[in-house]
Amino acid sequence: MKAIVDCNSFYCSCERVFRPDLENKPVVVLSNNDGCIISISNEAKALGIDMAVPYFQVREAIEKNGIETFSSNYNLYGDLSRRVMDTLKALVGEARVEVYSVDEAFLDLDHIAKNDLQDFSRTIRETVEQWTGVSVSVGTGETKVLAKVANRLVKKLRLPSKTLVLDSEDATTQALQRTLVKDLWGIGRRYAVKLNEWNIHTAWELKHMSEDWARTHLGGVIGARMIEELNGRQAILMQDELANKKMIATTRMFGTAVTELKDIKEAVATYTTRAAEKLRRQHSAASMISVFVIPRQPAGTPSYRQGGQARSSYATLHSPTSLTHELIKPAMEMATQLYRKGERYSKAGVTLSGLVPDSSIQSSLFNECGNNQNRELMLMLDNINFSMRNDVIKYAAAGIDKQWKMRQEFRSPRYTSRWDELPGVR
DNA sequence: TCTGGGGTCCTAGGACCC
DNA sequence: TCTGGGGTCCTAGGACCC
């Protein structure tokens with residue numbers, strides 16, 4: 001059996017861990033740039049606030065109802081996430097945990113007797129809550145897809161135990177009958193529409209379609225796997241722990257529209273610096289770097305998401321590198337080349353790809369002084385910036401005043417990852 | 001005024017090879 | 001008159017996820 005452990009309103013829960021006064025109060029967390037709502041507590045939901053809605057559209061309702069509002073604080077969420085995952089690993093063993101996202105993990109429970117699954121699910125939930133202060137829901141089923149179905153029902157039906165185990169034919173059937181295809185893990189909006197056109201509405205109905213049918217109408221092997229999983233046959237396997245990323249991106253909306261080349265270059269240099277840090281953290285080097293900018297659409301036109309208005313460029317590096325300054329150079333050239341005077345920009349980003357282990361970097365004939373010194377410099381720089389505060393040491397190209405920086409009006413302290421922001425105890 | 005920031009997997013098609 | 005048959009690698013684009 002497989003279980004999915006999912007933190008409830010994770011970012012909101014994180015904010016509450018150090019603000020117990022917010023228990024049972026409505027809370028929302030905003031995306032970067034305070035752009036839209038990305039986490040809502042049940043209480044806020046009950047007041048009619050929805051996920052993914054632009055903040056400015058609901059600002060009035062939020063203020064009127066006294067909903068507590070936070071800018072996202074990824075240092076805090078990342079740290080609490082690690083604690084939750086560590087707890088799960090302590091409970092079932094590291095090899096049985098697949099960290100799926102910042103607030104979710106799949107567990108392999110094949111070693112637990114079927115009769116004990118109910119109790120064990122509750123133990124998981126209680127232990128995580130006790131050790132970390134974060135509340136979780138646990139869904140269990142024969143396959144990952146069925147575990148997801150169970151987990152969704154826990155939340156939808158507000159089951160008091162916050163756990164649901166689909167351990168019998170009957171339980172599974174009932175669960176599938178009350179799940180719409182659009183709510184299945186792996187069925188997005190496009191496929192949901194298509195399925196409805198075929199007059200398939202519930203997961204139960206989908207389960208009885210043939211694999212061949214799914215192969216031709218539901219994205220090839222993806223559809224076939226879905227049918228298998230619904231029928232209790234494992235087709236989506238547990239992934240090994242945290243393989244390295246194959247692509248690393250840092251992209252941001254600007255706080256306010258940017259018009260000057262200087263600002264674009266500063267932003268791109270800053271994003272390149274961030275991306276290079278992520279690259280070094282997983283001991284990789286990049287062989288390709290790409291930069292994009294998105295001009296702001298004139299008022300009234302559909303938002304930037306809908307079109308291909310982004311302008312991008314990429315450069316292949318002479319040899320893979322993880323050194324910030326070697327990445328900034330081509331990034332600056334591309335930023336300059338992409339910039340048009342008179343245009344206003346709403347967003348820019350940097351993507352590193354063609355990642356290889358940094359141990360495999362070939363030394364190049366043209367490498368004058370050997371990269372080892374450089375890599376030690378990077379290591380030192382990363383250590384200082386991580387342990388002190390953000391960017392004590394930085395590249396001049398990244399700019400000092402950062403006019404373009406995102407808005408973050410409501411960020412809580414980084415309670416657990418900065419010495420100077422630890423919570424006080426009287 | 002104002003709408004996030006990451007990622008993954010799969011497929012088709014082109015280029016190239018023997 | 002009438003086009004080989006496989007392979008592999010790479011990239012772009014679609015779909016999905018949190």
Side-chain angles (χ1 to χ4, degrees), chain A residues 4 6-11 28-39 50-60 71-74 77-78 81 98-106 144-145 148 151-152 181-195 214-226 235-237 239 242-257 271 274-275 278 282 287-288 290 292 294 296-306 308 310 312 314 316 344 346-355 406-409:
Chain A
I4 179 93
D6 181 318
C7 302
N8 302 320
S9 308
F10 181 54
Y11 296 166
V28 299
V29 176
L30 306 179
S31 67
N32 269 336
N33 218 24
D34 295 343
C36 52
I37 313 264
I38 53 169
S39 183
D50 282 326
M51 278 289 277
V53 171
Y55 174 54
F56 74 92
Q57 283 179 9
V58 287
R59 182 175 208 145
E60 236 174 86
S71 300
S72 33
N73 182 347
Y74 292 108
Y77 311 151
S81 170
E98 176 192 336
V99 176
Y100 179 66
S101 76
V102 69
D103 70 335
E104 280 179 53
F106 284 104
K144 283 183 169 180
V145 166
K148 278 281 203 178
N151 191 272
R152 189 182 151 276
V181 286
K182 74 174 172 62
D183 295 321
L184 279 172
W185 179 58
I187 302 293
R189 270 189 45 187
R190 289 287 165 78
Y191 288 156
V193 169
K194 244 171 120 174
L195 286 168
R215 209 178 287 276
T216 38
H217 295 104
L218 212 61
V221 303
I222 295 186
R225 285 207 283 246
M226 170 65 70
I236 306 176
L237 305 181
Q239 303 274 318
L242 245 43
N244 276 345
K245 291 184 174 132
K246 298 168 177 172
M247 170 197 120
I248 287 173
T250 302
T251 71
R252 295 277 183 283
M253 301 274 306
F254 298 128
T256 53
Y271 304 159
R274 278 289 101 71
K278 296 182 201 169
Q282 69 166 40
S287 31
M288 204 166 79
S290 77
F292 71 81
I294 296 182
R296 196 224 271 295
Q297 291 303 104
T301 55
S303 81
Y304 71 92
R305 280 171 179 280
Q306 262 117 52
S312 67
Y314 68 89
T316 305
R344 295 154 61 77
S346 57
K347 182 175 183 174
V350 173
T351 304
L352 304 177
S353 54
L355 306 192
M406 66 186 183
R407 279 190 300 273
Q408 258 198 338
E409 293 177 30

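Keep in mind that what you see is a predicted model, and the values were worked out from it rather than measured. Order of the sequence lines sets the chain letters (A, B, ...), proteins ahead of strands, with each chain counted from 1.
Atoms OH (Tyr74(A)) and P (dC18(C)) sit 15 Å apart, rounded to a whole Å. The interatomic distance linking Lys148(A) (NZ) with dC16(C) (C1') rounds to 12 Å, in whole Å.
Among the heavy atoms of the strands, none lies under 4.0 Å from Tyr55(A). Among the protein residues, Ile248(A) comes within range of the sugar-phosphate backbone only, with heavy atoms under 4.0 Å from sugar or phosphate atoms but none that close to a base. Note on Leu184(A): only backbone sugar-phosphate atoms sit closer than 4.0 angstrom, heavy atoms only; bases stay farther off. Within the 4.0 angstrom heavy-atom criterion, no nucleotide atom of any strand lies near Asn33(A).
Nearest to the side chain of Thr250(A), among dT3(B), dC16(C), dG6(B), sits dG6(B). Taking every side-chain heavy atom of Asp103(A) into account, dC18(C) is the closest of dC9(B), dC2(B), dC18(C).
Remark: side-chain polar atoms of Ser71(A) are paired, donor with acceptor, to backbone N or O of Glu409(A) under 3.5 angstrom.
Between Lys347(A) and the phosphate of dT3(B), there is no side-chain N or O to OP1/OP2 separation shorter than 4.0 Å. For dG6(B), one of the phosphate oxygens OP1 or OP2 lies less than 4.0 angstrom from a side-chain nitrogen or oxygen of Arg252(A).
DNA chain B is contacted by both Gln57(A) and Thr251(A); Gln57(A) maps to the nucleotide lying nearer its 5′ end (nearest heavy atom per residue).
Pair assignment for dC9(C): dG14(B), on the basis of Watson-Crick or G-U wobble contacts that are both within less than 3.5 Å.
Between atom CG of residue Leu218(A) and atom NZ of residue Lys194(A) there is a gap of 7.0 Å, rounded to the nearest 0.5 Å.
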